[in-house]
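Here is the naming used below: chain letters follow the sequence lines, and residue numbers restart at 1 for every chain. Since the structure is predicted, the reported quantities are computational estimates derived from the model, not experimental observations.
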Amino acid sequence: DAKTTQPPSMDCAEGRAANLPCNHSTISGNEYVYWYRQIHSQGPQYIIHGLKNNETNEMASLIITEDRKSSTLILPHATLRDTAVYYCIVRVAQGASGSRLTFGEGTQLTVNP
Amino acid sequence: SAVISQKPSRDICQRGTSLTIQCQVDSQVTMMFWYRQQPGQSLTLIATANQGSEATYESGFVIDKFPISRPNLTFSTLTVSNMSPEDSSIYLCSALTPFSRPYNEQFFGPGTRLTVL
């Protein structure tokens, strides 16, 4: 699986958009970009994933650059409950050989009141 | 979605003993995984629990230390054998389901917090 690079920490004001960057310059054509988050003392939680198109769901938006070498997770209106470690992971499709999540260090997002 | 429960939620054990952690999923899943999260660290994959065959271990993890069972499509156990203080971690069970939305989501249990004295 391709290696990802994320800033170790970020701060965001409550109610503002949180933009979390991720670099994955060695991503392969068949690898997806996944985002998970881990709130303190809980198991990781899926947020969103994408291949090459931008994606949006009820939790967040995922913007993937045209060359697919980087992406940004956007939480449009951050709340205090969004304080967590956010993991950007690249992975081949489910069921394919090697299709398991490999976690990096992630970004600690702190949402401040 | 899939709901994953783990037992015990936490335990304190003496060195040299073994602990078996149970993982139960509320629906049939294709793949199950076990992760370790040491204090202040990210998650590290221990192994993939295969139904009906031996688990597939990641580099640095061996069956003698972390035997895994997966007798059916909803249940798995991880045993931490001959424990030492270095095994103090949170152990998380995870599963992939092809049947629920969003497709490709991997679900995680709440974890088992293990302290070895």
Drop me the distance from [X]'s [atom1] to [Y]'s [atom2], to the nearest 0.5 angstrom.
X        : Y        : atom1 : atom2 : result
B:Gln106 : A:Ile89  : CD    : CD1   : 8.0 Å
A:Tyr36  : B:Phe108 : OH    : CZ    : 6.0 Å
A:Phe103 : B:Leu92  : CZ    : CG    : 8.5 Å
B:Leu45  : A:Leu101 : CG    : CG    : 9.0 Å

Structural part of B:Glu58 lying under 4.5 Å from a heavy atom of chain A: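 For B:Glu58, the contact with chain A is made by the side chain alone.
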
Single-linkage hydrophobic cluster [X]~[Y], side-chain heavy atoms < 4.5 angstrom:
X       : Y        : answer
A:Leu51 : A:Tyr46  : yes
A:Tyr32 : B:Leu96  : yes
B:Ile90 : B:Leu117 : no
A:Met59 : A:Leu62  : yes

Under a single-linkage rule joining Ile, Leu, Val, Met, Phe, Trp and Tyr whose side-chain heavy atoms are separated by less than 4.5 Å, which residues share a cluster with B:Val3? none

Kindly give the cluster partners of B:Phe61, where membership spreads through any ILVMFWY side chain lying under 4.5 Å from a current member. B:Leu19, B:Ile21, B:Trp34, B:Ile46, B:Tyr57, B:Ile63, B:Phe66, B:Ile68, B:Leu78, B:Val80, B:Met83, B:Tyr91, B:Leu114, B:Val116

Heavy-atom pairs under 4.5 Å with chain B are the metric here; pick the option from A:Gly43, A:Pro44, A:Gly104 that has the most. A:Pro44

Are the side chains of A:Gln38 and B:Ser42 in contact, using a 4.5 Å heavy-atom criterion?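 No, their side chains stay 4.5 Å or more apart.
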
